[in-house]
Asker: 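I'd like to ask you about the structure that follows.
Quick caveat: nothing in here was measured; it's all calculated off a predicted structure. The chain is numbered in sequence order, starting from 1.
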Amino acid sequence: QVQLVESGGGLAQAGASLRLSCAASGRTHSDLAVAWFRQAPGKEREFVAAIKWSGGSTRYADSVKGRFTVSKDTFKKMVYLQMNSLKPEDTAVYYCAAGARMIWSTLDDQSRYDTWGQGTQVTVSS
């Protein structure tokens, strides 16, 4: 089973950029997908972006399209979330998650992910 550890969160001003990293250890099956979710205070956890381990297909939430980019380094077993043009509403705890037997249409379904990292805080000031 895959284990995940996030890093790279912190404090940023609106308009700035941050890059989150998710280190995966253990066996990575070809049908694996890794996603980023976030949870703001008092709100439910929501989908941000996801990438399929094989092929690299990606999917984004409408709220981050054009600003965030998810990528992977298969050799290093790393998944990244490059966040540009940050907004105060991006403030949240960001989690990476992994799921097996994922297809593109289910990449945003958090119930399909069975392995989660511990989360990393991102705070964007106005």
Asker: Please table the atom pairs, donor to acceptor, closer than 3.5 Å between any side-chain atom in residues 96-107 and protein atoms at least two apart or in another chain.
Answerer:
unit_1 : atom_1 : unit_2 : atom_2 : d
Trp104 : NE1    : Thr58  : O      : 3.0
Thr106 : OG1    : Ile103 : N      : 3.4
Thr106 : OG1    : Ile103 : O      : 3.0

Asker: Which value, rounded to the nearest 0.5 Å, describes the distance between Ser126 atom OG and Gln13 atom CD?
Answerer: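 Rounded to the nearest 0.5 Å, the OG-CD separation comes out at 9.0 Å.
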Asker: With sequence neighbours left out, which residue pairs that include part of residues 41-89 fulfil the ring pair (Phe, Tyr, Trp, His ring centres under 6.0 Å) condition?
Answerer: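 Every pair satisfying ring pair (Phe, Tyr, Trp, His ring centres under 6.0 Å) with a residue in residues 41-89: Phe37-Phe47.
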Asker: For the pair Thr91 (side chain) and Val124 (backbone), establish whether a donor and an acceptor sit closer than 3.5 Å, ignoring hydrogens and angles.
Answerer: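 Yes, because the side chain of Thr91 sits within donor-acceptor range (under 3.5 Å) of the backbone of Val124.
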Asker: How close do Ala40 and Ala92 get, heavy atom to heavy atom, and via which atoms?
Answerer: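 Shortest heavy-atom separation between Ala40 and Ala92 comes out as N-CB, 3.8 Å.
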Asker: Nearest 0.5 Å, please: how far is OH in Tyr94 from CG in Leu18?
Answerer: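 Answer for the CG-OH pair, Leu18 versus Tyr94, is 9.0 Å.
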Asker: Taking all non-hydrogen atoms of both residues, which atom of Leu81 and which atom of Ala49 are closest, and how far apart?
Answerer: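 The pair with the smallest heavy-atom distance is CD1-CB, 4.1 Å.
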Asker: Any non-hydrogen side-chain atom of Asp90 less than 4.5 Å from a side-chain atom of Met83?
Answerer: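 A side-chain contact is absent here, since even the closest heavy-atom pair is not under 4.5 Å.
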Asker: Are Val93 and Trp116 in one and the same hydrophobic cluster, where Ile, Leu, Val, Met, Phe, Trp and Tyr link if side-chain heavy atoms are under 4.5 Å apart?
Answerer: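 Yes, same cluster.
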Asker: Listed by chain and number, what are the side chain to side chain contact (heavy atoms under 4.5 Å, CB included) partners of Ser17, not counting sequence neighbours?
Answerer: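 Scan of Ser17 (side chain to side chain contact (heavy atoms under 4.5 Å, CB included), adjacent residues dropped) gives Gln82, Asn84.
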Asker: Would you say Val34 ends up clustered with Tyr113 if hydrophobic residues are merged whenever their side chains have heavy atoms under 4.5 Å apart, either directly or through other cluster members?
Answerer: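 Per the 4.5 Å side-chain linkage, Tyr113 and Val34 are not co-clustered.
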Asker: Hydrophobic cluster membership, with links at side-chain heavy-atom distances under 4.5 Å among I/L/V/M/F/W/Y: are Val48 and Val70 in one?
Answerer: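 Yes, because Val48 and Val70 connect within a single hydrophobic cluster, where side-chain heavy atoms sit under 4.5 Å apart.
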Asker: Considering residues at least two apart in sequence or located in another chain, which fulfil the side chain to side chain contact (heavy atoms under 4.5 Å, CB included) criterion with Glu46?
Answerer: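 With sequence neighbours excluded, Glu46 shows a side chain to side chain contact (heavy atoms under 4.5 Å, CB included) to Arg38, given in chain and number order.
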Asker: Between Lys72 and Thr74, is the side-chain hydrogen bond (donor to acceptor under 3.5 Å, both in side chains) condition met? List the steps.
Answerer: CA-CA 6 Å; Lys72 63 179 176 71; Thr74 305; 2.9 Å; yes
Asker: Please identify each residue that fulfils side chain to side chain contact (heavy atoms under 4.5 Å, CB included) with Gln118, with sequence neighbours left out.
Answerer: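 Side chain to side chain contact (heavy atoms under 4.5 Å, CB included) check on Gln118 returns Val5, Glu6.
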Asker: Which residues satisfy the side chain to side chain contact (heavy atoms under 4.5 Å, CB included) test with Ala23, sequence neighbours excluded?
Answerer: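 Ala23 satisfies side chain to side chain contact (heavy atoms under 4.5 Å, CB included) with Met78 once adjacent residues are dropped.
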Asker: Do Tyr95 and Leu4 pass the side chain to side chain contact (heavy atoms under 4.5 Å, CB included) test, and can you show the C-alpha distance, the side-chain angles, and the key distance before you say yes or no?
Answerer: CA-CA 9 Å; Tyr95 300 89; Leu4 305 171; over 6 Å; no
